[in-house]
Amino acid sequence: MSKRTMKVLSLLVVLVFALVTVTGCGGNGEPAPAPENGEVEAPAPSEDQIVLRGATTPDASHPYNQGLIVYGEMLEERTNGKFRIETYPDSQLGSERELIEGVQMGTIELTVVSTAPLAGFSDAFLVTDLPFIFEDKPHAYRVLDGEIGQSIFDQLEGTGIVGLAFWENGFRNITNSQRPIMVPEDMQGLKIRTMENQIHMDSFRQVGADPTPMAFGELFTALQQGTVDGQENPLPIISVSRFSEVQDHLALTGHFYAPAPLLISGAFWDTLTDEEKEIFQQAAIEATEIQRGMIQEMDDRLVDELEAEGMQITRPDVAPWQEAMAPVYEQWEDTIGADLIQQIQEMGN
Ligand code: EAX
């Protein structure tokens, strides 16, 4: 089955599900009794399970989807089966931009996305998109799990999106089909797919590359057909997407750290009781540690695995990259706020 057919089929499933929910004939599979003359239909029995759609773009084996499965099990257990998550990985319900829109409109309840495409919805996440803003994972966690992370989520007020926790995509590395990359000059003229984010595109322009924004679901084919020379992503995405089949070179630059906020639809959130909100929030925080642990476990073994798959790996000294991309900070300082940037830098090691 082609990806497109799968996408269409999944959309159909969602539509049918929505219809079934609206007409009230789902659940135990029996058709709802036809309402008698003038009678209002009885509300669904309270033991009916509410199914939440949790959609993501990477392969099903990636910790975005695996994290949602763990989270779903927690919710199901803690609400005595009232809520369950049905996952839709692999861009089945659309690109990250479309998933964020779906969460906003309430056609999708949950998503996990990179912060980069959120730039089209809110300026709140922009600071996390700056190159080399986080020195390492503990630095990122101190910022995102603390007051700054909370204030980022607070700024979503009124957008129809609620942020529950910062899960993780990870430190991004560059792959390409043309040549080994060590210094920024090696990027000259390379056509690199980036996410739809101006800071990311500006950063790649600074090293002389030609950034080409594209939805993740189109990336494998674009790499295969040579529409772009390369792309950048954390090791777990590179691995589960089988990019080693179409990319010979991997440079461990770690130029951006991509947090992956777990987002829930505001329209759905408003239907929850205070007690349920507490359960959803607490479970999201507990699942964060598990989800980040999955990424770490993959990061620890994937350099060797990708090398065994035939990728040629380089380990660039990051100092010249930091220097080359530094002008992006001045470009974006007014939009993001110099104080916030400084505050985050001071929380480094
Ligand atoms: O958020 O689009 C991307 O490259 C992202 O890293 C990926 O879809 C997961």
Side-chain angles (χ1 to χ4, degrees), residues 3 7 54-68 87-103 108 110-121 125-126 128-129 131 134 140 144 161 163 165-176 191-201 203-204 209 211-224 227-244 246-247 250-263 288 291-292 294-295 298-299 302 306:
K3 248 190 171 166
K7 194 170 155 182
T56 50
T57 59
D59 184 79
S61 59
H62 187 268
Y64 278 13
N65 187 59
Q66 295 301 314
L68 279 178
T87 68
Y88 297 86
D90 209 11
S91 305
Q92 285 173 37
L93 300 189
S95 66
E96 292 200 329
R97 179 154 43 81
E98 289 164 332
L99 299 184
I100 300 163
E101 281 166 4
V103 164
I108 294 168
L110 288 157
T111 190
V112 185
V113 290
S114 288
T115 52
L118 281 160
F121 298 81
F125 296 91
L126 285 180
T128 65
D129 297 322
F134 297 115
L144 299 171
I161 303 168
F166 281 98
W167 289 7
E168 179 166 83
N169 190 355
F171 278 102
R172 302 178 79 88
N173 303 294
I174 301 167
T175 71
N176 85 97
K191 205 162 177 186
I192 292 285
R193 176 270 179 178
T194 65
M195 290 189 278
E196 296 174 34
N197 180 285
Q198 290 300 332
I199 297 183
H200 284 197
M201 293 174 68
S203 303
F204 277 97
T212 310
M214 186 187 295
F216 183 75
E218 291 158 28
L219 181 52
F220 187 92
T221 309
L223 293 169
Q224 192 171 40
T227 320
V228 291
D229 299 311
Q231 63 88 43
E232 45 90 50
N233 251 301
L235 299 177
I237 297 265
I238 292 170
S239 169
V240 303
S241 313
R242 310 219 49 82
F243 286 160
S244 66
V246 287
Q247 299 275 271
L250 165 61
L252 302 175
T253 45
H255 51 281
F256 303 130
Y257 171 79
L262 169 64
L263 305 174
T288 301
Q291 196 273 346
R292 286 175 180 169
M294 293 176 185
I295 296 281
M298 293 178 85
D299 276 347
L302 284 179
L306 292 168

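All values below were derived from every heavy atom in this structure, side-chain atoms included, with hydrogens, water molecules and symmetry-related copies excluded. Note that ligands are numbered from 1 as they come in the structure, with each ligand's atoms numbered from 1 the same way.
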Of all heavy-atom pairs between F216 and S241, which one has the smallest distance, and what is that distance?
CZ-OG, 3.4 Å

Classify the contact between I237 and ligand 1 as side chain, backbone, both or neither, using a heavy-atom distance cut-off of under 4.0 Å.
side chain

Applying a 4.0 Å heavy-atom criterion (strictly less than), which segment of N169 is in contact with ligand 1: side chain, backbone, both, or neither?
side chain

Considering only protein heavy atoms, which is closest to [atom], and at what distance to one decimal place?
atom                   : result
atom 8 (O) of ligand 1 : T57 OG1, 2.9 Å
atom 1 (O) of ligand 1 : E96 OE2, 2.6 Å
atom 6 (O) of ligand 1 : N233 OD1, 2.7 Å

Counting each atom of ligand 1 from 1 as listed, which ones have a heavy atom of [X] under 4.0 Å away?
X    : answer
S114 : 1 (O), 5 (C), 6 (O), 9 (C)
F216 : 2 (O), 3 (C), 4 (O), 8 (O)
R172 : 3 (C), 4 (O), 6 (O)

With a 4.5 Å cut-off on side-chain heavy atoms, are [Y] and [X] touching?
X    : Y    : answer
L263 : L118 : yes
P211 : I192 : no
D129 : T115 : yes

Look at ligand 1 and say whether H62 reaches it with a heavy atom at a distance under 4.0 Å.
no

Quick one: does R193 get within less than 4.0 Å of ligand 1, heavy atoms only?
yes

Residues that S61 engages under side-chain contact (heavy atoms from CB on, under 4.5 Å), provided they are two or more places apart
D59, V240

T87: partners by side-chain contact (heavy atoms from CB on, under 4.5 Å), with sequence neighbours left out
N65, L68, I69, I85, P89

